[in-house]
Amino acid sequence: FGLGRTLQAADMESLEEILIGSDVGVASSERIIKDLEKAISALPSPPTQDFLADLLREEITALLSAAGGHQVLESPPEGSRPRVVLVVGVNGSGKTTTIGKLAARMVKGGQKVLIAGADTYRAAAIGQLEIWARRAGVDFVGGVEGGDPASVVHDALSAAMAKGVDTVIIDTAGRLHTKIPLMKELEKIVRVAGKVTGRPPDSVLLVLDATTGQNALVQAREFSRSAAVSGIILTKMDGTAKGGILIPLSTELGLPILYVGLGEGIGDLVPFSPEEFAKGMVG
Amino acid sequence: SLAEKLESVFKKLKTRGKLSEADIDASLREIKLALLEADVNFKVVKNFISDIRERALGAEVMESLTPAQQVVKIVHAGLTDLLGKSRSSLARASIPPTRILLVGLQGSGKTTTCAKLAKELKEKGSRVCLVPADLSRPAAVDQLVTLGKKIDVPVFAFPESSSSLEAYAKASLEAGRAGCDTVLIDTAGRLHVDEDLMKEVAALARAAAPQETILVVDAMTGQDAVNVARAFHERLTLTGIILTKLDGDARGGAALSMRSVTGVPVKYAGVGEGLDGLEPFHPERIASRILG
Ligand SMILES: Nc1nc2c(ncn2[C@@H]2O[C@H](COP(=O)(O)OP(=O)(O)OP(=O)(O)O)[C@@H](O)[C@H]2O)c(=O)[nH]1
Ligand SMILES: Nc1nc2c(ncn2[C@@H]2O[C@H](COP(=O)(O)OP(=O)(O)OP(=O)(O)O)[C@@H](O)[C@H]2O)c(=O)[nH]1
Ligand SMILES: [Mg+2]
Ligand SMILES: [Mg+2]
C-alpha cells in the first residue's frame, strides 16, 4: 500500500502563491498541485523545499512541451511562396514591435521579407511599422490612414507574389475581441489573404502581453474563432510578470508558443524555452 | 455569477437547518475563487477574505432567511469601500500652468489617454497643451501630434532633443508663451524594474513638479499589477491611476489590488480607442464587474 503522504499546509501555501501569483489561474494551479501530491504520495520522508521546487519545474516544463515551430518560420518556405504570416492581438500587446524583431530573424534565416502595414486605423501606426521595416532591412507596403486594411493586404500580397518574396508578415490593428465589427474585419482580412494566394494564411500569430491576467484565455479563444490562431508570442517577459497564463493556454487550447519578447530592441525576441520559462516562475 | 454560486452553496447547507462556521468558510472559498479569477492579487484576496469573515459570521448572515444575498451585500460593500469614493477631480496648480504627468508600462494606453484627457479638459474650459516626452518609441511623437491635431490642442514637440528632460524644458517654455494653463506630459512606456528608465522619469517629475502624476494601467493586467503600482508609487508618489481598455471583458481586479496596496485612487476609466473614450471611474461599477 502507498504511504499516502500529502503536502504540508505551508508547502501547499507557497506552491499556491507561486502559481496563482504567476497568473497560472485557479483551475490549472489546483491540477498542478494535485499532480505534485501524487508524485510525493509514496515518499518515505517529507520532501524538502528544493525537492518540491524541482518537481514543480519539471511539471511546468512537461505541460509546456507544445513549444517550437520557430525554426520553420525563420527559414525560407518549403512550399508555396510567399508564406503569409498574420499577426493579431489586443491593443498595445506588442504586435508592431514584434514584427520588426521577427522580420530581422527571418532575414538572418536567409529570407526575402515584406511587411504589410494593415493597421490603417491608429494614429502613426503606419509610420511606426515603416521604421521597424527599415531597421530590419525589409520591404514595406503600407496603406493610408483611414483606408481599408483588407486592400493593403491585397496590394502587399500581390506585390510579394510578383517580387518572389519568401515571407509576408501582416501587421493588424489592435482590437478587443469584444468588438464584433473589428473581429468581422479580421475575418475579412483572412478571407482576402486567402483569395490572393489561393490558400489561408500559413501562420496566424497571437501576440499576448505577459502582464495580462485571466483575460488572455478569452483572447486566445475568441481570436482563434475569427482567425484560426496557429501560435503564440508572449511579449514583455523582461518585466516582473511571469506569464503563467501560458500553462492553461497550452493545456486547454493546445496552442504552440513560438517566441518570447524580452525587450524593445530589434534583437529582443527569443525562441520559447519551457525550461527557461519554468525556471523564471519557480526560481 | 458569484451571487448564483453562493445561492447554490447555501441551498445545500440550509437544508440542514442552522448555518455553521464551516458553512460560512465554504461561501468564503467561493468568493476567494471569484476574486482570483477576476485577477485580484492573491495576497489582497487573502486579506480581504479575513476582513469580511468576521462580518460574515455575524447575525446579519447567520440568522438571515437569505444568507447568500447577505454575503453578496457584505462583499460588494467591502469591495466598494476598498476601491474608495469616486474621486475623478484633478488637482490644479495655484500658479498656472497645471502639469499632469502620465506614466506606466509599455502599451498601457498613455499616449491615447493623454489626448483623451486633453479633450476632456479643453471641453471643460482649460487652455490645454500636450508635451510628447517619449523620444524612444518609433513615431511616438507623431502619434501625439496626430491626436493633438484631431482635437485642435497644441502639441509642443521637440523630437530632436537629446533627452525627455530637454524636450520637456523646451516645450514648457513654448507652453508658457502660448498661455496654456494645463500641460499634459506623455512619457515613454517603461518597466518598473528598469533602473535607468525609472531614474529618467523621476528626473522628469522633479523638473516638471506636476500637480498630478498618473499611472496608466491596462485593465487586463493580472497579478503583476501590485508590483507595478507599488514601484511607481515609491519612486514618484502617484496621485492617481487611470485604468484603460475597460471596454473589453477583463474583470479589472487589478484596480482593487493597486488601490488596496498603494492607497492611490483610480480617477478615470479608458473605455474606447476613440478620444471620447474616457469617463470618471465608478467604484461600485468595477466592484460589480469584479464579482461577475
Ligand atoms: N519591455 C518590452 N516592451 C515591449 C516588448 N514588446 C513590445 N514592447 C513595447 O510595447 C509597446 C507597444 O508595442 P506595439 O508594438 O506598439 O504594440 P501593438 O500591439 O502593435 O499596439 P497597437 O497596434 O496599438 O495595438 C511599445 O512601447 C513597445 O516598445 C517586449 O518584449 N518588452
Ligand atoms: N479599446 C481601447 N483601446 C485603447 C484604450 N486606450 C488605449 N487603447 C489602445 O491601446 C493601444 C496602446 O495605446 P497607446 O496610447 O499607444 O499606449 P502607450 O501606453 O502610449 O504605449 P507606449 O508609449 O508604447 O508605452 C492603442 O491601440 C490604443 O488605441 C481604451 O480605453 N480602449
Ligand atoms: Mg501596432
Ligand atoms: Mg505612448
Side-chain angles (χ1 to χ4, degrees), chain A residues 13 16-27 29 90-97 100 121-132 134-135 145 173-179 182 209-216 218-219 222 235-236 238-245 261 263-264, chain B residues 32-34 36-43 45-46 105-112 115 136-150 188-194 217-228 231 244-245 247-254 272-273 275:
Chain A
E13 175 91 355
E16 267 190 357
E17 199 161 322
I18 291 173
L19 293 168
I20 302 281
S22 300
D23 291 312
V24 170
V26 173
S29 299
V90 300
N91 307 70
S93 64
K95 299 175 291 301
T96 303
T97 307
Y121 173 76
R122 209 209 67 214
I126 297 162
Q128 180 190 8
L129 187 59
E130 192 160 16
I131 291 170
W132 277 109
R134 209 177 318 132
R135 287 178 180 179
E145 217 167 282
R175 71 200 66 228
L176 295 183
H177 50 278
T178 47
K179 312 253 154 114
L182 296 184
D209 186 328
T211 66
T212 308
Q214 298 309 300
N215 196 250
V218 187
Q219 292 174 25
E222 292 306 312
T235 61
K236 309 177 199 173
D238 45 322
T240 52
K242 302 295 183 205
I245 202 72
E264 301 190 71
Chain B
K32 174 182 169 201
L33 293 181
L36 289 177
E37 284 172 7
D39 291 326
V40 181
N41 182 268
F42 180 69
K43 292 206 177 85
V45 172
K46 246 178 119 203
L105 295 183
Q106 291 88 349
S108 63
K110 298 174 292 299
T111 304
T112 310
S136 46
R137 166 171 155 157
V141 175
D142 280 343
Q143 187 183 1
L144 195 62
V145 167
T146 301
L147 295 177
K149 284 205 188 102
K150 267 205 179 123
R190 73 200 65 230
L191 296 176
H192 52 297
V193 290
D194 186 325
V217 181
D218 195 322
M220 58 186 92
T221 308
Q223 297 287 311
D224 198 43
V226 289
N227 300 328
V228 179
T244 63
K245 308 175 204 172
D247 45 320
D249 56 6
R251 304 273 288 284
E273 271 192 275
L275 294 180

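Naming: A, B, ... by sequence-line order, numbering from 1 per chain.
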If you count heavy-atom pairs under 4.5 Å between each of B/H192, B/R137, B/K32 and chain A, which one has the most?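 Maximum pair count with chain A is reached by B/R137.
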Please determine, among [options], the option with the most heavy-atom pairs under 4.5 Å with chain B.
| options | result |
| --- | --- |
| A/L176, A/T240, A/V26 | A/T240 |
| A/Q214, A/E264, A/R135, A/Q128 | A/Q128 |
| A/K242, A/E16, A/E130, A/E145 | A/E16 |
| A/D238, A/L129, A/I245, A/T97 | A/D238 |

Go through the steps for B/D247 and A/K179 under the test side-chain contact (heavy atoms from CB on, under 4.5 Å), then give the verdict. CA-CA 9 Å; B/D247 45 320; A/K179 312 253 154 114; 2.3 Å; yes
Heavy-atom contact with chain A under 4.5 Å, split by part of B/L105: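 Side chain only.
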Under a 4.5 Å heavy-atom cut-off, does chain A meet the side chain of B/D194, its backbone, both or neither?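 Answer is neither: B/D194 stays 4.5 Å or more from chain A.
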Just how far is it from atom CD1 of A/I126 to atom CD1 of A/I131, taken to the nearest 0.5 Å?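 Answer for the CD1-CD1 pair, A/I126 versus A/I131, is 12.5 Å.
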For the CG atom of B/D39 and the CD atom of B/Q223, what is their distance to the nearest 0.5 Å?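 One finds 7.0 Å between CG of B/D39 and CD of B/Q223.
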Under 4.0 Å between a side-chain nitrogen and a carboxylate oxygen: does that hold for A/R175 and B/E273?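 Salt bridge flag = no for B/E273 with A/R175.
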Under the side-chain hydrogen bond (donor to acceptor under 3.5 Å, both in side chains) test, which residues partner A/N215, sequence neighbours left out?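 Testing A/N215 for side-chain hydrogen bond (donor to acceptor under 3.5 Å, both in side chains), a comparison that skips the adjacent residues, returns A/Q219, B/D249.
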Please check this pair: side chain of A/K95 against backbone of A/V90, looking for a donor-acceptor N/O pair closer than 3.5 Å.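 Yes; at least one donor-acceptor contact below 3.5 Å.
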